[in-house]
There are 2 protein chains.
Amino acid sequence: MTREAVVDAALDLLAEGGLEAVSFRRVAARLGVSGPTLYWHVENKRQLMDLMAEELLRRTGRVYAGPEEGQPWWEWLREDARRTFTALVATRDAPRVVAGNRPSPESFAGIERVLGVLVAAGLRPGEAQQALFALGSYVIGSAVEWQAEADRGRSQPPAPGGEDPAARRACALAGQPLLLAAITELVRHPHGAAFEFGLDLLVEGLRARYAGEA
Amino acid sequence: MTREAVVDAALDLLAEGGLEAVSFRRVAARLGVSGPTLYWHVENKRQLMDLMAEELLRRTGRVYAGPEEGQPWWEWLREDARRTFTALVATRDAPRVVAGNRPSPESFAGIERVLGVLVAAGLRPGEAQQALFALGSYVIGSAVEWQAEADRGRSQPPAPGGEDPAARRACALAGQPLLLAAITELVRHPHGAAFEFGLDLLVEGLRARYAGEA
DNA sequence: CTTGACACCCTAACGGTGTGAGAGGACGGT
DNA sequence: ACCGTCCTCTCACACCGTTAGGGTGTCAAG
């Protein structure tokens, strides 16, 4: 009955039933423990959420680990963002849990390492931090938006216009030809294409701005 | 006692006490009405949140209005994102309310107009939509992150290290010299600088990619 | 003038939530 | 044998979203 076990149980509940399924009583029940007992291991619900966010980020696979041998820093930034995004989108409501959680003191060392890489590439420390902030904001913003759309699709599938999805879209978007064209164009792409588009803008912008100074 | 009044009261409560201060009973009390009465005007709490998000976006000042005469599309994109960001950051918890709300059907017309502008600039409809998605995700992601930090500063000001903020930072970040350098560098900038950095990357990336084809 | 329909509001209540207070059991050191 | 510390319990509070059902008022039709 450690604090880790509590966080694990909470994350299990999150994966199964979404954010609203995570309650103190339910987490306790899953551990064979009754309600307020959790207050011995965890200070707050807020703190539990923070711990969950931290653990979720840790499970995305060695975030802030640093680039591999011979890998350009921009490629590494891109891949790290991509991995975080897919991991967040994979488990239900994970983006909403992670959103707005400042890295814990123990993550500072990792951030420090990444800043080191970027500073070695020619960025000033402030620029490096801004770049990290921009990438992080974009990743979690995209993940939140993405999951919200997934939830919507799960709750209101009864749309008029028949069974064919294309026909339904055409019916719903009558009068907005460009939106219709955009969506039918995007439907052919893999699911993460919209995310990749902005990611490419950010990373390539960084590369164009700072590459070659290392 | 219209639905608009309910949403207005809810937004007042949000501005005063944050998201957790917005409850059906409190909104009703502010309107001189008792609890479940709201169910006559509003279907759900979820729907109330959606309406609040919609109204919040509307109050950012004519979003999706279209560029002004002689204004390049990229400048207009940038300014629109900036206005939305500052408006969201201005009222407490507004980012969390807005995050993950798909534009209502009535906003489709506005989106259609923006897509028209971008398509006229040479983007394909799918690209235009991806650009809008990227900008929107970045804006709300930044706003959420930003406000979360503001909340944190409000809740845990008792930090060790004395009164001087700089000394406190130096104490807290001992061992992370680059982070310390980054923060002391950023403290001199206006508060929106970190947001502006990523916004510039996105907008300039779009401009470099598609300008001149119009 | 009466009657009925409808819009709007009420109270009572249910099950759930986060959280606090205090009691009690297990266990190791003195 | 006693104490203190860890851990869990029960009980209780105040609040939450939501449902059910019973009222008022206004207003049109008979």
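Worth knowing before you read on, the calculation uses all heavy atoms, side chains too, and leaves out hydrogens, waters and symmetry mates. Below, chain A is the first sequence line, B the second, and so on; all start at residue 1.
Taking every heavy atom of residues 38-48 of chain B and every atom of DNA chain D, pairs under 4.0 Å involve Y39(B), N44(B), K45(B), by number. The stretch residues 3-24 of chain B does not touch DNA chain C, since none of its heavy atoms comes less than 4.0 Å from the strand.
Side-chain contact between W146(B) and P95(B): absent, with no pair of heavy atoms (C-beta onward) separated by less than 4.5 Å. Side chains of E54(A) and R58(A) form a contact here, defined as non-hydrogen atoms less than 4.5 Å apart.
Using modelled atom types, one side-chain atom of Q147(A) and one backbone atom of D93(A) make a donor-acceptor pair closer than 3.5 Å. For the pair E55(A) (side chain) and L51(A) (backbone), a donor-acceptor distance under 3.5 Å is absent. When atom types are taken as modelled, the side chain of E127(A) and the backbone of L123(A) share no donor-acceptor pair closer than 3.5 angstrom. A donor-acceptor pair is defined here as one N or O able to donate and one able to accept, closer than 3.5 Å; such a pair exists between the side chain of E112(B) and the backbone of L178(A).
Of the residues listed (M52(A), R92(A), M49(A)), the one engaging L14(A) in a side chain to side chain contact (heavy atoms under 4.5 Å, CB included) is M52(A), and it is the only one.
Within the structure, side-chain hydrogen bond (donor to acceptor under 3.5 Å, both in side chains) contacts touching residues 4-20 of chain A (residues at least two apart or in different chains) are D8(A)-R59(A), E16(A)-R30(A).
First and last contacts of DNA chain D with chain B, using any nucleotide atom under 4.0 Å from a protein heavy atom and ordered 5' to 3', fall at dC16(D) to dT19(D). In the 5' to 3' direction, nucleotides of DNA chain C lying under 4.0 Å from heavy atoms of chain A begin and end at dT17(C) to dG20(C).
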Under 3.5 Å, which donor-acceptor pairs link side chains of residues 32-42 of chain B to any protein atom two or more places apart or in another chain?
unit_1: T37(B); atom_1: OG1; unit_2: S34(B); atom_2: O; d: 2.8
unit_1: H41(B); atom_1: ND1; unit_2: M1(B); atom_2: O; d: 3.4

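Rounded to the nearest 0.5 Å, atoms CG (L179(A)) and CG (L115(B)) are 5.0 Å apart.
Less than 6.0 angstrom separates the ring centroid of F85(B) from the ring centroid of F195(B).
Residues V33(A) and R25(A) each lie close to DNA chain D; by heavy-atom proximity, the contact nearer the 5' end of the strand is made by V33(A).
Between R82(A) and E79(A) there is no salt bridge, since no side-chain nitrogen of the basic residue lies less than 4.0 Å from a carboxylate oxygen of the acidic one.
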